[in-house]
Amino acid sequence: MKRQMHRIGFSYDWRTEVTTCEPEYYRWNQWFFLRMLERGLAYRKKALLNWCPECGTVLANEQVVDGCCWRHESTPVEQRALEQWFWKITAYTEELLRSIDDQLEGKWPERVMAMQRNWIGRSDGAEVDFTLENSGEPVRVFTTRIDTIYGATCVILAPEHPIAQKLLDETGRGRAKQMVDARAQKGPGDIAKEGFFTGAYAINPFSAARLPVWIGNFVLMDYGTGAIMAVPAHDERDFEFCTHYGLPIVPVIRPVDGVLDENPKAAFTDDGIVENSGEYSGLPSEEARRVMSARALHDGFGEPKITYRLKDWGISRQRYWGTPIPVIHCPKCGVVPVPEKDLPVILPTDVKITGKGRSPLEDVPEFVNVKCPQCGTGARRETDTMDTFVDSSWYFYRYCDPHNDRAPFDPAAVARWFPMDQYIGGVTHAILHLLYSRFFTKFMRDLGLVEIDEPADNMFTQGMVLGADGSAMSKSKGNTVDPEEMIAKYGADTCRLFTLFAAPPEKDMPWIEASVGGQRRFLERVFRFVTRNMDRESPGDPAAGRRALRKLHQIIRKVTEDFDNRWHFNTSIAALMELLNTLFDEESNLSAEALAQILPSLVLMLAPFAPYTAEELWAQLGRTGPVFRQPWPCYDPELAQEEAAEVVVQVNGKLRSRLHVPFGTLEIDLKQSALSDPKVQPFTEGKQVVKVIVIPDKLINIVVR
RNA sequence: GCCCGGGUGGCGAAACCGGCAGACGCAAGGGACUUAAAAUCCCUUUCCUGGAAACGGGAGUGUGGGUUCAAGUCCCACCCCGGGCACCA
């Protein structure tokens with residue numbers, strides 16, 4: 001990979017290279033872990049994970065294919081509760097959301113910000129307690145539509161809800177467990193809505209209605225409170241569920257400019273006017289929500305509530321390749337952090353990768369068996385490793401101080417460089433790396449390591465190079481392109497030019513080999529033009545020289561602006577091709593003097609795109625120093641100026657003629673010439689000229705009727 | 001379903017602030033040079049249409065409306081493609 005980068009001519013500063021799998025780097029992952037632990041931001045929790053009974057291991061979501069294990073295609077995956085380490089990214093939820101608007105808006109791609117907002121998934125609503133009829137125990141539900149609460153016809157619990165476990169008998173709990181496993185096998189949404197009555201009833205605190213309590217497979221335990229009130233008249237899912245089980249449908253919202261539909265054929269989910277809702281009847285939905293949640297708070301049976309979709313970051317991995325989690329499990333003291341002086345916990349190298357799924361580190365006794373740092377009894381080292389996204393969450397700070405062995409980095413060094421002016425990456429990281437590294441930055445700020453809230457001022461998502469078929473390259477599709485092979489075949493400069501020329505950098509671009517040759521031809525044409533003209537002595541034609549120099553300065557301006565503003569190097573290269581076409585046209589009439597200006601500028605402009613060719617030509621021109629160390633050519637606005645303005649003449653918006661006039665020609669004269677133009681007259685003859693729009697030096701539009 | 005992108009020739013694309021649609025390149029076709037081929041150079045290439053030619057005319061940027069002297073560009077509605085999220089209450 002590094003060799004490929006060298007061959008293609010990338011110039012990175014390798015002195016600051018950081019290798020995240022070296023102890024020198026990952027010890028600081030462990031250091032950060034200990035800081036998280038101190039602050040209560042790292043914790044252990046039982047979580048539901050994908051479990052393959054055949055392998056006897058946890059699987060990542062990506063390893064579950066159609067509800068079955070990727071290695072045992074007929075073995076359904078179960079959900080199992082396992083102890084895992086989590087980092088509390090949710091401590092920063094609101095800030096992560098808010099600073100998108102405050103700091104990133106306008107500087108980050110809309111797409112990335114939208115994806116992050118979407119992922120964080122803020123939803124404003126209320127929690128309300130329904131009271132169980134027998135025990136008096138509250139069942140808390142989350143709703144965004146408290147204004148529809150008079151229309152609730154049942155309460156539905158997630159199958160794994162603790163209250164459900166209490167209400168159900170043995171058979172019922174079995175049915176509930178089946179639902180949980182079934183959901184693991186099929187993606188949610190692909191599964192038919194199913195449920196059953198628990199036998200219990202709960203009281204609606206607003207209407208005092210007695211509602212049956214059901215179990216529903218579509219109610220999620222890990223969102224909201226794991227319990228909902230079903231309002232079939234105003235929620236599509238509830239409508240489907242209640243219709244299926246014959247539960248009543250009670251409409252309580254009418255359209256603002258309509259009447260209440262007493263027998264709805266589908267849920268009416270828009271806001272409207274509240275009806276049949278006691279003292280709240282007649283209020284618009286939005287106001288009703290405000291008043292009713294305030295009432296719930298006041299009377300102590302609920303409160304306004306904001307719920308987020310974002311969950312804490314599970315960082316435990318049962319993989320070899322990752323940073324060892326620096327804790328020790330002691331039978332007496334429990335979870336004991338590895339003392340800082342014992343860092344780094346080194347990942348052993350003599351490990352058999354069994355492919356068994358469980359951490360291979362468990363089979364390394366020298367690693368696992370340790371003494372408790374607190375009490376000295378025999379203890380076991382944590383064998384899970386960290387998600388590798390931990391490595392990438394802060395690597396860029398380390399560039400400022402890559403070999404620091406006392407801290408992740410010197411805060412002063414980072415303060416000098418950060419925030420990054422420009423971060424570039426693929427959109428595939430929009431909600432992984434780009435969210436984690438924002439979280440990390442805020443965490444590091446709270447540790448006092450950085451003074452900034454966001455790592456990158458500007459973000460740019462570049463497109464991918466796709467296979468010739470227009471889909472992402474993958475070995476299984478057989479549409480991969482080997483860069484080294486291409487370099488060997490066409491040369492590094494040609495490959496660079498093609499990559500830059502085919503599309504603007506934010507766009508995906510198929511690698512169509514048939515088009516690569518054009519870039520090679522362009523380079524050869526430049527090479528020929530420069531080498532055969534560098535020793536020319538002929539006097540040349542001054543007019544040709546002026547034309548060539550005008551084009552040269554126009555193109556310097558164009559290319560410079562592309563670098564400054566938009567990085568649309570495809571148009572920069574097109575401009576250089578245009579320049580070369582002009583130079584070929586004028587070639588035989590160019591003076592040595594004109595060439596002395598043209599040739600070095602051309603080579604300098606070529607250098608960022610085709611450095612090898614440019615370097616060679618620079619040397620052939622007898623210049624010293626590497627070409628990439630030379631100042632960028634300047635353009636002279638006067639030389640770039642066209643001799644005459646070309647003014648387009650339109651009649652009713654249609655192009656009819658062009659005038660060539662001195663710049664600054666007066667409107668009245670332009671109008672005169674346009675109206676008397678022989679190409680224009682056939683279109684104005686016999687018509688009434690209503691209006692003449694004149695944009696000086698540019699355009700005239702004659703409006704006739 | 002919701003949220004982002006995007007839709008322009010045979011293909012990749014350009015048109016940056018509402019002002020000449022298709023720059024630049026690929027591919028294709030024709031020609032010059034050559035014994036021949038490669039390479040190179042020249043010409044044609046959005047569609048329809050008039051003309052022997054010179055040179056014109058009309059339509060055209062996913063669809064339908066709108067704003068404007070002028071719309072690929074702005075507004076409204078819709079269709080299609082790509083991506084993200086998704087029984088999220």
Side-chain angles (χ1 to χ4, degrees), chain A residues 109-123 125-126 141-146 148 156 158 183 187-193 216-220 222-231 234-238 240-241 269 307-310 427-428 430-431 461 470-471 497-498 501-504 506-519 521-522 524-525 528 558 561-562 565-566 568 570-581 584 646-658 679 682 690-695 698-704:
Chain A
E110 199 53 52
R111 198 166 37 144
V112 172
M113 295 190 296
M115 281 163 81
Q116 292 211 356
R117 286 191 191 104
N118 206 334
W119 185 257
I120 292 169
R122 178 184 158 124
S123 140
V141 305
F142 173 73
T143 176
T144 54
R145 291 300 302 273
I146 194 173
T148 66
I156 311 178
R183 192 157 61 201
D190 302 338
I191 213 162
K193 282 186 189 53
N217 64 345
F218 68 103
V219 179
L220 306 173
D222 54 6
Y223 183 78
T225 61
I228 63 162
M229 60 174 195
V231 184
H234 305 294
D235 182 283
E236 280 165 21
R237 294 152 305 182
D238 298 348
E240 190 187 331
F241 187 85
T269 57
T307 298
Y308 301 91
R309 229 175 45 87
L310 181 69
V427 74
T428 43
I431 46 179
T461 44
S471 63
L497 275 172
F498 175 68
F501 179 73
E506 66 273 16
K507 264 190 89 162
D508 289 346
M509 174 202 87
W511 185 274
I512 295 169
E513 209 181 321
S515 320
V516 179
Q519 307 308 313
R521 273 196 287 276
F522 168 63
E524 286 171 355
R525 272 159 58 93
R528 256 180 284 138
K558 162 78 186 149
E561 282 170 359
D562 278 342
N565 304 330
R566 13 176 249 167
H568 280 199
N570 55 329
T571 61
S572 310
I573 293 167
L576 291 176
M577 290 172 167
E578 235 180 282
L579 171 62
L580 193 67
N581 289 344
F584 265 68
E646 187 181 68
V647 177
V648 171
V649 184
Q650 300 178 332
V651 177
N652 284 352
K654 286 202 169 69
L655 174 70
R656 297 304 179 191
S657 181
R658 298 158 195 276
K679 285 186 189 156
V690 181
K691 202 191 238 182
V692 180
I693 309 280
V694 180
I695 316 285
K698 208 166 188 183
L699 176 138
I700 299 164
N701 190 10
I702 301 165
V703 186
V704 298

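Every chain is numbered from 1 and lettered A, B, ... according to where its sequence line falls, protein lines coming before strand lines. These values consider heavy atoms only, across backbone and side chains, with no hydrogens, waters or symmetry-generated copies. Predicted model, so just to flag it, every value in this text is computed and none were measured.
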Report the glycosidic orientation of B/G10: syn if within 90° of 0, anti in every other case.
-> anti
Between A/Val112 and A/Gly518, just flag the one whose closest nucleotide in RNA chain B comes earlier from the 5' side.
-> A/Val112
Is any side-chain nitrogen or oxygen of A/Arg525 closer than 4.0 Å to OP1 or OP2 of B/C41?
-> yes
Partner of B/G1 by Watson-Crick or G-U wobble geometry, both contacts under 3.5 Å, or none?
-> B/C85
Hunt down the Watson-Crick or G-U wobble partner of B/U46, both distances under 3.5 Å, from any strand shown, or write none.
-> B/A59
Is any N or O donor-acceptor pair between the side chain of A/Asn701 and the base of B/C69 shorter than 3.5 Å?
-> yes
Under-4.0 Å side-chain N/O to phosphate OP1/OP2 contact, A/Arg117 with B/C85 = no
Using the purine O4'-C1'-N9-C4 or pyrimidine O4'-C1'-N1-C2 torsion, is B/C17 syn (within 90° of 0) or anti?
-> syn
Quick one: label A/Val231 by what it contacts on the DNA or RNA (base, sugar-phosphate, nothing), any heavy atom closer than 4.0 Å.
-> nothing
Rounding to a whole Å, what distance do you find between A/Asp235:CG and B/G1:P?
-> 16 Å
For the pair A/Asn701 (side chain) and A/Ile695 (backbone), establish whether a donor and an acceptor sit closer than 3.5 Å, ignoring hydrogens and angles.
-> no
Between A/Ser515 and B/A27, is there a side-chain N or O to OP1/OP2 distance below 4.0 Å?
-> no
Short side-chain N/O contact from A/Arg111 to OP1 or OP2 of B/G83, under 4.0 Å = no
Does A/Asn570 make a side-chain N or O approach to OP1 or OP2 of B/A23 shorter than 4.0 Å?
-> no
Assign A/Ile702 to base, sugar-phosphate, or nothing according to its heavy-atom contacts below 4.0 angstrom with the strands shown.
-> nothing
Side-chain atoms of A/Val219 come closest, of B/C4, B/A89, B/G12, to B/A89
Any donor-acceptor N/O pair under 3.5 Å between B/C87 base and A/Lys193 side chain = yes
Separation between CZ (A/Arg656) and CD1 (A/Ile700), nearest 0.5 Å, reads 15.0 Å
Donor-acceptor pair under 3.5 Å: do we get one between A/Glu561's side chain and the base of B/C16?
-> no
Check the angle between the aromatic planes of A/Phe498 and A/Trp511 and answer parallel, tilted or perpendicular using the 30° and 60° thresholds.
-> perpendicular
Tell me the partner of B/C33, counting only Watson-Crick (N1-N3 plus N6-O4 or O6-N4) or G-U wobble (N1-O2 and O6-N3) with both under 3.5 Å; none if nothing fits.
-> none
Can you tell me the Watson-Crick or wobble partner of B/G51, both distances under 3.5 angstrom?
-> none
Along RNA chain B (nearest heavy atom to each residue), the more 5'-positioned of A/Glu236 and A/Val648 | A/Glu236
Counting Watson-Crick and G-U wobble pairs only, both distances under 3.5 Å, name the nucleotide matched with B/A14, or none.
-> none
Hey, could you give me the CG/CZ distance between A/Asp235 and A/Arg145, rounded to the nearest 0.5 Å?
-> 9.0 Å
Give a yes/no answer on whether the side chain of A/Arg656 brings an N or O atom under 4.0 Å of OP1 or OP2 in B/A70.
-> no
Rounded to the nearest 0.5 Å, the OH atom of A/Tyr223 sits from the CD1 atom of A/Ile228 at a distance of 12.0 Å
Name the nucleic acid region contacted by A/Asn581, choosing base, sugar-phosphate or nothing; use a 4.0 angstrom heavy-atom cut-off, strictly under.
-> sugar-phosphate
Can you measure from CG (A/Leu220) to CZ (A/Arg309) and round to the nearest 0.5 angstrom?
-> 11.0 Å
Donor-acceptor contact below 3.5 Å, side chain A/Arg566 vs main chain A/Pro504 | no
When all nucleic acid strands are considered with a 4.0 Å heavy-atom cut-off, which category describes A/Glu240: base, sugar-phosphate, or nothing?
-> nothing
Give one of base, sugar-phosphate or nothing for A/Pro510, where a contact means two heavy atoms less than 4.0 Å apart.
-> nothing
Gap between atoms NZ and C1', on A/Lys654 and B/G58 respectively (whole Å) | 9 Å
May I ask you to verify if any side-chain N or O of A/Arg521 is less than 4.0 angstrom from the OP1 or OP2 atom of B/C26?
-> yes
Checking N1-N3 plus N6-O4 or O6-N4 for Watson-Crick, or N1-O2 and O6-N3 for wobble, each under 3.5 Å, the partner of B/U8 is none
